[in-house]
Each structure stands twice: as C-alpha cells, then as structure tokens.
Amino acid sequence: MEQRTAGTLRMAVDQLSPWTEYFKRSHMLILSYDELEYNRNRFMWRIEQFLGKKLNGKFVQDEENDVLARQVPPVANEILEPLFWGKNKELYHWLDVHRGPKMEQIPFLEFELGSSPEIILPNVLLVGAQFSGITLISDLLFHNDVCGPALFNNDRPGMAKAFFFDQVERYNQGLQFYAKRYKHCQIEKNTKLIVDGTPNYLTYHDRVRDIYQYATTETLTKLKIVMVLSEPLYREKRVYQFKRYSYNQATDKKSSWFQDILDKEGGVLSFEQYAETVLVARLNRNNTDYASEGKYVDHLRKWFKYFQRHQFLIIHNNELENNPKSVQWRVEKFLGTELTGSLGKSFDDTSITPRVQRALGPLFDAKNQELYDFLKSNTGPFMEQNPFPPFEVNVKEPHK
C-alpha cells in the first residue's frame, strides 16, 4: 500500500481497518511516497525484504509532474490542509497501533503538505571511536548551544545523540526519520553547527555515505567529521569496564550487551580472562565490524573513500587527556568557531597488565603501524596533529 498525498487519505485511512479483517497486518507493507522520492534505495530495500526477493532494475519517476504536483498554491493549501489534518492524525495513530512487518517504517513519516520537504542533516558528526573520549568534545559543543537532535516518543530523554547509524531499527526508518530530528534547527535559525554527537559511528561509514548522498551539495561538501583515536588496548579495557559496570547495575542480568564478560557459570571474567578468550577470538576474525573497531586504519580507508580528507579532524586521545587546551584549539579552528568553557578531563586507569599485552598487543601492532603510515601519506587539515603520534602502552603488574 502506498500513501502518496493527502488527496487520497480520506479513503485510505477509513479502509485500512477493513483490510486487516481479511489479511494479517504482517502481510501488508505500507510505504511512504516521500521515501520513494528521496531515498529510493531504502524504498526498494523494504519491498525486497517484504517479498523475500532481490529485484532488478530501478524506479522510473516523472519528476517534472511530481514537482508540479507539490507546488500547491498557498491559498489552496490554507483551505485544504485543515480538512485533512484530522485524517492525517488518524492514519498515524492507526499505523502506530497496528504495527506492520519489521521492514516497514515505524513511525510512519508525517506528510509534508504543499511543498517538497527540505532535508536538514547534521553538518558535524562526532563518530568515535567509542570509549576514546569523543564525548568530552560533544559535551563542550552542546555547552555552546549547537543544534542537536529533537526528541520524539521513542528517544532517550535528554540525549544529545541521534543513535541513528548504529542502531539498525532506527536506521531502517530511513532518511526522513533522521532529518526530522534536525528540522527544528532551521526553524530556530540555529544552523551554523548542527551536531550528531553519537560516539559509535566509526564502523558505520557505509550507512553514513548512503544517507548523505541524498543531501544537498552544500551539506555534503561542508560536512565535518571529528574522530578521537585511543590506544586500542586501553579502549578495549574501557569497553570491558563499562560492560562490567552495566552488569553490576542491571536488574535484568540477561542483556546481550554484557553476556560476553560472563563465564559458563555466570561469573564475571577478569579483564585478563576476557582478553585471552573473547577478544582474541574476535580480533582474529577478518571483519570490520564492532569487534575490530580498534583496527582504526581499516575504517579510515573507507571513510576517506567516501569523503574528502580535509573534512576530517583526527585527534589523539593522549593529547585530549594531557593537553585539552590544544585539542580545543584544534576543534575551534576545524569548526570555524570560538567555544566558551573548556574541555573536561577523563581520569582513566590507563595501564595494561603484561598478560593482556601478550594476548592483544600482537593483534594490534601491525594495524597501528599501518595507521601511522596511512595518516602520514594522507595528511589532514592544517590544525591536525602531524605526524600522528604512535600509541604508547603503560604496562604494569597488577596489584597483589
């Protein structure tokens, strides 16, 4: 089923309920015409997933007539919109209550009457790496009243992060689901820095590329991407510590998020045990998902393929921890703005036991050297640290 315009809405919303009397809701795919117009790849993906079949070819659209159809005269829009407003709300509510198959957009995107919806996307992405200190930069930016995502029903209260590219159930809602969260930036005339501070996008370069290909040329070329890279062993230790903390705080101990730090009897593994078993197995697999996030060079190669090198500011976590004023200067120059306040400071235990170093060190050493060589041959903007300093590991025997 396709809902194209409000002109057919009166009949459609009234007939949806009778359809479900004869067919299961899971057997009905309801699509938004706006998505066909602005994100045809995702539109096609929904149909393929619903039919369980890969389709050849592409959609052919009469773009000239579509543009004319959307150019509703202001007087006509003023008269007609109130007539359909109630039916619109009725449709959105019905679709929210009667959920369809998993590939369908949830929530259904509200219609934009009378004109083509303008796509507003962030011009600053703080992509990670996760647990490397990128949140310190995010906190400083939002202290300076940059524009972040608006909150909707299913969003986390108070978050300055969209959690779009890293969460498949949100990403599958498509371009307009993401853009809707930033539309208020234009309304409030706060568009200089539109920021998504989600710290877990480093491994999702393909998804970022797929969404931003629908942005305007100006948005695409002015997009700025900030990364903080931490010594990989330290980053893995922080991930483990956060999982352990989450496990200790959780009432539901069965969450998949921290199951990998538990042994067969349900006890919590030490970091040494976790490194020697779980991490060694993951890092030996030849993939580029979350398990290999610390193999930074593999992800940078993809990012630099999709976006220009001058669009990236890459920061060393060691400088962020030991010389935050210098990092703040780099961020200000990169974003072209002065920031009030100062960067916070983390106080991590950045030490690794010899046992962990023996288990994980060899799995990162070659990739770290690849990173240094890659950045040396692909220099960034003038304010970036050059050359990128090698990571240093503080190896200490554990306290007895």
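Side chains included, hydrogens not; waters and symmetry mates left out as well; all remaining heavy atoms used. These figures come from a predicted structure and were not determined experimentally.
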Self-check item: Salt bridge flag under 4.0 Å for residues Arg235 and Glu293
Solution: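 Looking at Arg235 and Glu293, the cut-off is met.
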Quiz prompt | Lys/Arg-Asp/Glu bridge criterion (N-O < 4.0 Å) met for Lys237, Glu272 | solution = no
Heavy-atom side-chain proximity of [X] to [Y] below 4.5 angstrom:
X      : Y      : answer
Ser351 : Asn394 : yes
Val124 : Leu335 : yes
Glu236 : Leu279 : yes

Quiz item: Should the pair Tyr171 and Phe165 be assigned to parallel (<30°), tilted (30 to 60°) or perpendicular (>60°) ring geometry?
Solution: tilted
Rounded distance (nearest 0.5 Å) linking atom [atom1] of [X] with atom [atom2] of [Y]:
X      : Y      : atom1 : atom2 : value
Asp298 : Thr203 : CG    : OG1   : 11.5 Å
Leu220 : Gln311 : CG    : CD    : 6.5 Å
Thr277 : Asp263 : OG1   : CG    : 9.5 Å
Leu233 : Leu363 : CG    : CG    : 9.0 Å
Cys147 : Ile187 : SG    : CD1   : 10.0 Å

Give a yes-or-no answer on whether the side chains of [X] and [Y] include a donor-acceptor pair shorter than 3.5 Å.
X      : Y      : result
Thr340 : Asn144 : yes
Gln369 : Asp373 : yes
Gln105 : Ser32  : no
Asn172 : Arg46  : no
Tyr201 : Asp196 : yes
Ser326 : Glu319 : yes
Thr216 : Thr219 : yes
Asn368 : Tyr296 : no
Ser230 : Arg238 : yes

Common cluster, [X]/[Y], ILVMFWY with side-chain heavy-atom separation under 4.5 Å:
X      : Y      : answer
Phe43  : Leu51  : yes
Phe163 : Val168 : no
Val331 : Phe382 : yes

Quiz item: Between Thr20 and His98, does a side chain to side chain contact (heavy atoms under 4.5 Å, CB included) hold up when you go through it step by step?
Solution: CA-CA 9 Å; Thr20 58; His98 300 86; 5.5 Å; no
Quiz prompt | Stacked cation flag Arg170 on Phe177, 6.0 angstrom / 45 deg | solution = no
Practice problem: Compute the centroid of each ring, for Phe312 and then for Phe304, and state whether the two points are separated by less than 6.0 Å. | Solution: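 Centroid separation for Phe312 and Phe304: below 6.0 Å.
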Quiz prompt | Within the 6.0 Å centroid threshold, strictly below: His205 and Phe307 | solution = no
Is it true that a side-chain atom of [X] and a backbone atom of [Y] form a donor plus acceptor pair closer than 3.5 Å?
X      : Y      : answer
Glu48  : Leu55  : yes
Asn200 : Gln130 : no
Ser270 : Gln273 : yes
Lys253 : Tyr247 : yes
Lys224 : Phe334 : yes
His93  : Lys89  : no
Glu169 : Lys102 : no
Asn190 : Asp145 : yes

Quiz prompt | Working for side chain to side chain contact (heavy atoms under 4.5 Å, CB included), residues Asp210 and Leu175 | solution = CA-CA 9 Å; Asp210 288 346; Leu175 170 66; over 6 Å; no
Show the nearest heavy-atom pair for residues [X] and [Y], with the distance to one decimal.
X      : Y      : result
Ala162 : Tyr178 : CB-CE1, 3.7 Å
His299 : Lys295 : CD2-O, 3.6 Å
Leu29  : Pro101 : CD1-CG, 4.4 Å
Glu397 : Pro354 : OE2-CG, 3.5 Å

Exercise. For Arg25 and Glu104, run salt bridge (charged side-chain N to carboxylate O under 4.0 Å, His left out): C-alpha distance rounded to whole Å, both residues' side-chain angles, the deciding distance at 0.1 Å, then the answer.
Key: CA-CA 11 Å; Arg25 180 64 178 90; Glu104 193 173 282; 2.5 Å; yes
Quiz prompt | Steps toward salt bridge (charged side-chain N to carboxylate O under 4.0 Å, His left out) verdict (Asp166, Arg207) | solution = CA-CA 9 Å; Asp166 60 327; Arg207 292 181 180 179; over 6 Å; no
Practice problem: Check the pair Lys87 / Asp14 against salt bridge (charged side-chain N to carboxylate O under 4.0 Å, His left out), numbers first and verdict last. | Solution: CA-CA 9 Å; Lys87 286 294 183 181; Asp14 293 335; 2.8 Å; yes
Quiz item: Yes or no on side-chain hydrogen bond (donor to acceptor under 3.5 Å, both in side chains) for Tyr240 and Arg244, after CA distance, side-chain angles and deciding distance?
Solution: CA-CA 6 Å; Tyr240 165 83; Arg244 183 166 184 160; 2.8 Å; yes
Self-check item: The single option from Arg282, Arg358, Arg355 passing salt bridge (Lys or Arg N to Asp or Glu O under 4.0 Å) against Glu276
Solution: Arg355
Exercise. Would you sort out whether Asn317 and Tyr234 count as a side-chain hydrogen bond (donor to acceptor under 3.5 Å, both in side chains), showing the intermediate values?
Key: CA-CA 10 Å; Asn317 172 266; Tyr234 294 163; over 6 Å; no
Exercise. Quick one: do Glu338 and Lys333 satisfy salt bridge (charged side-chain N to carboxylate O under 4.0 Å, His left out)? Show the steps, please.
Key: CA-CA 8 Å; Glu338 291 188 7; Lys333 293 298 181 184; over 6 Å; no
